[in-house]
A.B. asks: 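What follows is a single structure, and I will ask about it in a moment.
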Amino acid sequence: MLSLQNLSKDYDGFRALDDLSLEIPAGEFFCFLGPNGAGKTTTIKIITGLLKPATGKAIIAGHDIQAAPLEAKRQIGYIPDTPYLYEKLSGRDFMHFVGNLYGVPRQEVQAAIDKYFAAFRIAHAADNLIENYSFGMRQKLCFSAAFMHKPKVLVVDEPMVGLDPQSARTLKNMLREFCRDGGTVFLSTHLLAIAEELCDRLGIITRGKLRFLDSVDDLRRQMAREGNLEDLFLELTNDGVTNTEESPFTETESIAKEA
Amino acid sequence: MSNAAIPNETPLRGSPREERLSDEVLESHHTRVVIGAKLRIAWNAVRHIKRHLYLHAAAGFTLMIVLLGVGTGMFHLIFDFLNRQPVFGAPLMDRLVGIVLLIFFSMLLFSNLIITLSTTYLSKEVEFLMGLPVSRQAIFRQKLIETVLYSSWAFAMLSLPLFVSFGIVRHAPWYFYPLIVVLVVPFLMIPASLGAIFTMLVTSVLPARKTRTLCIVLGILSLMLTGVLAKVTGLSQLLATADKQDFLQIMNVLGVGNSPMLPSAWLSGALQAIAPADPLDRDLMRFGYWLAMLLATSLFLMEVTRWLVPSLYYRGWCLSRDAAVKEVESNAKFSPFRIIDAYLERWFSSPTAGLLSKDLKSFWRDPSQWTQLVILLGLMIIYITNLGYSRQYSKTIMLVVNDWRLLLSFFNLGATCFILSILTTRFVYPMLSLEGRGFWTVGLAPIPRSRIIWQKFILCLALCLGVSVPLMVLSNFVLKITGPFVLISYAAIIIMSTGLTSLSVGIGAILPDFKEDNPARIANGIGGTMNVLLSLAYIGVSVFLLVLPTIALSGNMGAVAAQWLPAYVAIFLLIQAVLIWLPLRIGLRRWAEMEF
């Protein structure tokens with residue numbers, strides 16, 4: 001469903017993404033992990049066509065995002081981590097706007113508004129201007145808009161930030177249901193518990209290179225140790241870090257853990 | 001004061017005197033810290049200018065120098081002409097300076113009101129600073145300095161040519177020029193403090209967003225009132241039909257600018273006192289008196305501001321946050337937008353209708369957008385109503401062209417296009433930049449990127465034609481233009497509106513500013529400056545190409561010129577087609593390749 005083939009990207013001589021290849025089948029919940037600046041957002045932007053790769057291809061449901069962008073984009077739903085929304089539109093206006101862009105009939109847009117606004121508990125604010133929405137409400141509106149055109153691949157960047165526990169649970173259920181119905185979720189997050197709880201497979205990226213690609217259990221097996229995902233993640237992503245870049249808190253934390 | 005004076009370990013507080021002293025120390029420390037951070041931001045911005053942006057910065061700087069030079073030249077031309085007139089020339093020049101400074105003062109007052117509200121109450125930075133242990137006095141003081149800087153740059157650009165040409169024409173001594181700075185600083189603080197006081201008083205009872213709309217509406221009304229008053233007092237007619245008998249009447253009308261109650265009159269009085277070339281004619285006592293008036297008033301108003309801050313600022317700021325959330329009308333059964341949406345969906349494809357509806361709603365629901373448009377339309381109405389009088393000026397230039405109305409019509413075409421270029425720079429150019437931050441929505445939709453550019457072009461062209469064509473119809477009517485020029489003027493305005501729209505949309509795609517979400521600031525940037533510059537060049541070239549055959553046809557070689565006319569028209573249309581096509585073509589290509 002989502003195929004990334006030898007993707008590379010440079011910024012002013014800095015290699016942000018280095019020969020990244022991934023195959024994510026239909027119905028899979030895939031988590032993409034990595035420290036800040038590892039190349040997660042660059043990957044997402046290439047998948048969604050907001051950036052052009054230096055080399056390689058991103059294929060969405062059989063369509064190359066660069067060669068056939070319109071066909072590919074019809075299959076994607078995207079939720080950015082800090083979405084910019086049109087402040088002077090109401091939530092309802094925004095849904096109709098996105099519906100128009102994707103050619104969703106008006107009745108279906110209305111049905112989506114009723115369904116998702118009720119699920120995320122923002123129906124009371126449907127006719128308020130977005131400028132009055134809190135961060136969490138904006139996030140919920142983005143999810144509602146992303147689900148509306150029934151995409152095959154959902155690309156999600158830091159989904160739980162700003163959501164209340166009830167809405168976070170609703171979202172998790174929706175994402176699971178989306179995968180059960182044959183959809184593919186590509187989720188980038190820093191919340192390792194989310195990855196541990198939801199994902200079928202995970203990929204860990206550092207410095208633009210994919211360091212690990214398999215399930216959490218396999219990760220534990222490969223690292224030949226038990227423990228939670230956070231420990232494994234830190235061990236994997238600290239690989240190759242020079243002494244000068246080490247945090248002064250690392251040692252203290254280790255001592256605390258040992259104690 | 002050094003950082004050692006800041007009470008980190010040894011508290012300064014104790015007696016009431018010490019308490020007050022420590023508050024002042026803290027306040028000035030906080031002000032310095034925040035201003036220091038701002039300076040650091042500015043310095044970092046300069047240091048990190050990318051290589052390709054140097055060219056833009058150089059173009060902007062050159063444009064600024066050219067504008068200052070042209071402004072100085074224009075003022076010099078007027079002042080020199082007046083100064084050479086016997087008896088009434090010099091006093092008329094003084095009164096003119098008084099009137100111009102009064103206009104600048106009114107503009108400063110208005111812009112200070114609006115900017116104080118934006119920077120001191122509605123900015124996100126204030127929200128951040130309010131959460132820190134920074135005194136409210138310090139926040140307000142720093143924001144007041146910011147307001148003065150924001151509101152004064154336009155005054156500097158406009159007044160510098162006036163002061164310099166005044167000094168040159170009067171052969172003023174060298175110290176005239178540095179003393180301008182001494183006079184201008186307290187002069188600028190007066191409208192800034194008045195704006196701050198008014199804002200604090202109004203925002204303590206009205207939420208800041210409503211106050212800003214109120215101020216803009218008040219500004220529009222006062223602008224209209226000025227136009228009406230100018231008519232009532234007969235100023236326009238007097239200037240149009242002036243002869244020596246009317247001189248005293250003109251002097252009386254212009255005397256409004258020299259009323260001793262106005263700070264602008266104090267500034268112009270001080271300038272007049274030290275400008276004369278002959279030392280015996282200089283009146284240092286009068287200069288000192290006006291300078292003292294400026295200093296005393298500005299210091300008094302600043303102290304009043306400082307006195308009001310503790311009781312009113314925080315109250316007003318909180319009120320601006322408490323404003324009730326209002327539902328919008330789009331879901332109501334008979335909402336105008338529901339009707340508009342229905343028509344848009346009938347006439348356009350679904351994505352284009354969506355984009356058009358979004359742009360119209362965003363524009364209508366932002367008063368800071370449409371009220372500026374209303375101001376510009378108000379200026380246009382004042383311009384047209386005064387066109388009738390300009391017919392009388394033109395009798396003197398009949399020697400150049402047989403029909404003076406024709407010449408005036410060309411001038412009118414140029415002026416209409418100039419107003420249109422201000423509109424396109426302010427409203428059309430920023431549109432694509434504003435899409436940048438929301439590109440995760442529009443850019444991910446299954447529509448070609450070129451659709452976004454064409455949608456902006458269609459919308460803006462329709463709006464521009466909606467403004468420019470009625471303006472041309474009205475001005476042709478006021479000027480009593482008849483015959484073939486009526487058709488020529490309509491064809492020209494339609495072609496040039498298309499050209500100006502294409503230029504603004506094209507430059508919007510070539511030089512977007514995705515970091516800024518305030519359209520006014522986007523228009524003030526490098527891209528906006530380039531847009532104005534190229535629009536003016538386009539208008540100049542187009543009007544020149546239109547004037548050329550008209551002069552040829554009305555001259556001695558009229559018959560020969562008539563033979564070449566069809567070929568000339570074909571070439572003119574070809575040039576226009578290229579000028580319209582080129583920016584759009586480059587813009588479309590650049591937009592298609594852009595990364596976000």
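These figures come from a predicted structure and were not determined experimentally. So that the names make sense, note that chain A is the first sequence line, chain B the second, and so on, each numbered from 1. Side chains included, hydrogens not; waters and symmetry mates left out as well; all remaining heavy atoms used.
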A.B. asks: If we define contacts as heavy-atom pairs under 4.5 Å, which of Gly443(B), Pro351(B), Ala353(B) has the most with chain A?
C.D. replies: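 Result: the option with the highest number of such pairs is Pro351(B).
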A.B. asks: Can you tell me which portion of Lys45(A) sits under 4.5 Å from chain B's heavy atoms? Options are side chain, backbone, both or neither.
C.D. replies: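 For Lys45(A), the contact with chain B is made by the side chain alone.
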A.B. asks: With a 6.0 Å cut-off (strictly less than), is the heavy-atom count around OH of Tyr343(B), excluding the residue itself, greater than 12?
C.D. replies: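 It does not: Tyr343(B) OH has 12 such atoms or fewer within range.
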A.B. asks: What's the spacing between Asp341(B) CG and His96(A) NE2 if we round to 0.5 Å?
C.D. replies: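 The distance works out to 8.5 Å.
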A.B. asks: Against chain A, label Arg451(B) side chain, backbone, both or neither, depending on which of its atoms sit under 4.5 Å from a heavy atom there.
C.D. replies: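 For Arg451(B), neither part sits under 4.5 Å from chain A.
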A.B. asks: So which of Leu70(A), Ile79(A), Ile76(A) has the biggest tally of heavy-atom pairs under 4.5 Å with chain B?
C.D. replies: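 The answer is Leu70(A).
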A.B. asks: Carefully, step by step, assess Thr352(B) and Asn100(A) under the rule side-chain contact (heavy atoms from CB on, under 4.5 Å).
C.D. replies: CA-CA 8 Å; Thr352(B) 308; Asn100(A) 270 326; over 6 Å; no
A.B. asks: How far apart are the C-alpha atoms of Leu101(A) and Leu444(B), what are their side-chain angles, what is the distance that settles it, and do they pass the side-chain contact (heavy atoms from CB on, under 4.5 Å) test?
C.D. replies: CA-CA 9 Å; Leu101(A) 291 180; Leu444(B) 253 68; over 6 Å; no
A.B. asks: Other residues, nucleotides and ligands only: do more than 12 of their heavy atoms fall within 6.0 Å of NZ on Lys150(A)?
C.D. replies: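 No, the 6.0 Å shell around NZ holds no more than 12 heavy atoms from other groups.
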A.B. asks: Please determine whether a side-chain nitrogen of the Lys or Arg among Asp93(A) and Lys358(B) lies less than 4.0 Å from a carboxylate oxygen of the Asp or Glu.
C.D. replies: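 A salt bridge is absent here (no side-chain N lies under 4.0 Å from a carboxylate O).
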A.B. asks: With a 4.5 angstrom heavy-atom cut-off, could you sort out which part of Glu345(B) is near chain A: side chain, backbone, both or neither?
C.D. replies: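 Contact with chain A involves the side chain of Glu345(B) alone.
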A.B. asks: Checking Ser357(B) against chain A: side chain, backbone, both or neither under 4.5 Å from a heavy atom?
C.D. replies: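 Interface part for Ser357(B): neither.
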A.B. asks: Looking at Arg121(A), I'd like to know if its CZ atom is crowded, meaning that more than 12 non-hydrogen atoms belonging to other residues, nucleotides or ligands lie closer than 6.0 Å.
C.D. replies: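 Atom CZ in Arg121(A) is not packed in, count stays at 12 or less.
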A.B. asks: Looking at Lys40(A), I want to see if its NZ is surrounded by more than 12 non-hydrogen atoms of other residues, nucleotides or ligands under 6.0 Å.
C.D. replies: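 Above 12, so yes.
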A.B. asks: Using the rule given for side-chain contact (heavy atoms from CB on, under 4.5 Å), can you reason through Thr441(B) versus Phe97(A), listing the C-alpha separation, both sets of side-chain angles and the distance that settles it, and then say yes or no?
C.D. replies: CA-CA 10 Å; Thr441(B) 318; Phe97(A) 168 57; 4.1 Å; yes
A.B. asks: What are the two closest non-hydrogen atoms of Ser350(B) and Gly103(A), and how far apart are they?
C.D. replies: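 Taking every non-hydrogen atom into account, OG-CA, 3.9 Å.
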A.B. asks: Do Tyr86(A) and Asp359(B) touch side chain to side chain, with heavy atoms closer than 4.5 Å?
C.D. replies: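 Sidechains of Asp359(B) and Tyr86(A): no contact.
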